[in-house]
Structure formats: C-alpha cells, structure tokens
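Notes to accompany the following structure.
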Amino acid sequence: MDTNSKTNEDTMPLSPEEIKAIGEIAIGPSKHEQFLNAHYKKLMWGGITLGIVAGGIIAFFSHRNDMRHEAAAQVIQAMKITSPGGGIASADEYDAAAIETLRQEYSSTPSAVTAELMSGLSLLAKGDEAGIAALEKAAASNAPVPLRARALAALATHELQQNKDSAPTWTRITQLETNPYSALAYLMLGDLAKSKGDKDAARSWYEQCKTKCPTSALVADKTVEMRLTLLDVDAPTPVEPVAQPRQDANPLGNPFGEAPEVGGAEFNPGF
C-alpha cells in the first residue's frame with residue numbers, strides 16, 4: 001500500500017478562516033492592534049481625562065440648576081408669597097434682606113436682575129430716588145424683554161409723577177420687541193402728544209398701538225379706539241359765566257318790601 005497516497009480529506013484546500021489564522025501567525029498582529037499596543041497608555045489617560053471633564057460638566061450644570069432654584073426661592077421670600085396663589089406684598093413691603101441676598105449671593109443667576117428690579121420698585125415706593133439707578137440697571141441688562149420693559153415702565157411712571165418728560169422712556173419700550181408693556185407705551189405717547197396739541201402724532205401712536213399690539217387689552221376693550229374718536233372732538237370753549245340778577249334781600253318775597261322793624265312806628269300794614 002502506498003503510504004504517500006492522500007485521501008480526499010487530506011487534499012482539501014484550507015478554509016478562509018484557516019488561511020487567515022495562518023496569516024496572522026506568519027505575518028504578526030494587524031495594524032489596528034499595533035496602533036493599540038503603541039498608544040495604549042495615551043488612550044487610557046485620554047479616556048480618564050474625558051471622564052473627568054464630562055463629570056465636571058455634569059456637576060457644573062447640576063450646581064447651576066440648584067443655584068437657580070435657590071435664587072427663585074429668595075425671590076418668593078422677597079415678595080412675601082406664603083402660599084401658591086397667595087397675595088404679593090406691595091413694593092414698599094418687599095423683604096429688603098432677601099433682595100440684598102439675591103444681589104450678592106446669586107449674582108450669576110437670572111434672578112439677580114429680578115432683584116435689581118424689585119430693589120428699584122421698593123426704593124421708589126418709599127420715596128428714595130436711588131431706585132432710579134437700580135431700575136436703569138435692570139433695563140440695560142440682558143434679561144428677558146418683559147422684565148426690561150417692566151423696569152422702563154416703572155421709570156416712565158415715576159417721571160410722570162414728578163412732572164418730568166416721560167416720552168423718551170416710553171419710546172424706549174416701543175423700541176424693544178413686542179412685550180406686555182408695548183401697548184401701554186403707545187397709548188401714553190399718544191396721550192402726551194395730544195396734551196401738547198399734536199393730533200397727528202397722537203393719532204400715529206394710537207394707530208401703532210392697534211397695529212402692533214392687536215391682542216392687548218387696551219385694544220380689545222376699545223380704549224385706543226375711544227382715544228382716536230376723541231381726537232376729532234373739539235374741547236368745549238370756556239366762556240365767561242352769565243351774570244346772575246341781584247337777589248332780593250328777602251328771598252321769601254315779603255309783600256311789604258323791606259322787613260319791618262317790629263314795634264317800630266313805621267309798621268303800618270294798612271289794616
């Protein structure tokens with residue numbers, strides 16, 4: 001028997017997997033494995049660094065959210081809100097200590113601007129002109145437009161009360177994006193123009209109020225429409241009062257003329 005003869009199984013070609021295995025042994029590790037072996041330590045430290053950075057970012061945002069919640073709680077305390085839906089204290093009753101805490105300890109939160117607004121309102125309500133600076137700071141901040149407009153509306157109202165020209169401040173409100181105080185600003189500018197006799201300017205401000213603030217209560221309740229109607233109504237011309245006739249000394253109409261002196265010699269009724 002020929003021992004050199006081979007069976008079919010012995011002569012079958014190797015499978016792709018077997019060829020690959022032999023190649024790995026013969027050639028050595030792949031380029032991918034070589035890269036991992038060469039840069040293993042760098043990759044390990046890079047992963048650790050990335051984990052630390054990611055953890056720090058998560059911790060930062062978590063801390064920031066906690067700060068914002070705590071600041072919001074200070075706002076509630078400053079307004080003396082004791083329960084959901086409860087009343088809010090008037091500006092002159094705000095908690096000054098809570099406002100100061102907001103300004104000092106939570107200056108990095110959005111509530112810090114609210115603190116400036118509340119401080120300005122509180123000071124002006126108490127007659128302290130220092131409130132003007134606080135309101136101006138809130139108005140010039142990068143806070144949401146409604147808050148800045150609220151500060152400007154408070155300034156304009158204060159100027160009106162002091163008989164100062166408030167038109168520039170009302171105009172600043174109209175230059176912001178449409179906000180809850182836009183309609184009031186247009187209305188006040190119209191009223192101020194009318195008080196100066198400038199009907200054309202007044203009509204323009206009223207029309208802008210209707211066009212730019214169509215959902216405002218001042219438009220819905222016809223307040224602006226009434227202002228436009230009254231523009232065409234001339235105010236009554238003052239006239240001198242009509243002279244009244246001289247009243248009789250005896251308003252009861254004594255048929256005897258002047259009241260007689262009782263017991264006097266001239267008392268002679270003619271009976």
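Start at 1 with the first residue, then count along the sequence.
Between Glu159 and Thr169, the shortest heavy-atom distance links the atoms OE1-OG1, 2.9 Å. Here the shortest heavy-atom pairing between Leu121 and Leu135 reads N-CD2, 4.1 Å.
Using a 4.5 Å heavy-atom threshold, the side chains of Thr114 and Met118 count as touching. Taking 4.5 Å as the limit, some side-chain heavy atom of Ser204 sits within range of a side-chain heavy atom of Gln208. Annotation: side chain of Asp165 is in contact with side chain of Pro168 (closest heavy-atom distance under 4.5 Å). Residues Lys137 and Leu117 fail the side-chain proximity criterion, which asks for heavy atoms closer than 4.5 Å. For the pair Cys209 and Val219, the minimum side-chain heavy-atom distance is below 4.5 Å. Proximity of Leu160 to Trp170: side-chain heavy atoms (C-beta onward) are separated by under 4.5 Å at one or more points.
Counting only distance, with no hydrogens or angles, the side chain of Ser216 and the backbone of Cys213 share no donor-acceptor pair below 3.5 Å. Counting only distance, with no hydrogens or angles, the side chain of Thr211 and the backbone of Glu207 share a donor-acceptor pair below 3.5 Å. Ser119 places no side-chain N or O within donor-acceptor distance of the main-chain N or O of Glu116, the cut-off being under 3.5 Å.
Distance NZ/Lys199 to CG/Leu230: 10.5 Å, rounded to 0.5 Å. With rounding to the nearest 0.5 Å, the separation of CE in Met188 from OG in Ser195 is 9.0 Å. Taking CD1 of Ile173 as the reference point, atom CG of Leu184 lies at 7.0 Å (rounded to 0.5 Å).
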- Message: Is there a side chain to side chain contact (heavy atoms under 4.5 Å, CB included) between Leu123 and Glu129? Walk through the geometry before answering.
- Response: CA-CA 7 Å; Leu123 290 170; Glu129 294 289 318; over 6 Å; no
- Could you walk me through whether Lys212 and Thr174 pass the side chain to side chain contact (heavy atoms under 4.5 Å, CB included) check? CA-CA 10 Å; Lys212 298 180 180 180; Thr174 65; over 6 Å; no
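Legend: residues meeting side chain to side chain donor-acceptor pair (under 3.5 Å) with Lys222, ordered by chain and number and at least two apart, are absent.
More than 12 non-hydrogen atoms from other residues, nucleotides or ligands lie less than 6.0 angstrom from NZ of Lys194.
Each side chain to side chain donor-acceptor pair (under 3.5 Å) pair with one or both residues in residues 182-191, not counting sequence neighbours, appears once here: Asn179-Ser182, Asp191-Tyr206, Asp191-Arg227.
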Just distance, no hydrogens or angles: give the donor-acceptor pairs under 3.5 Å from side chains in residues 142-155, sequence neighbours left out.
{"residue": "Arg148", "atom": "NE", "partner": "Ala143", "partner atom": "O", "Å": "2.9"}
{"residue": "Arg150", "atom": "NE", "partner": "Tyr181", "partner atom": "OH", "Å": "3.4"}

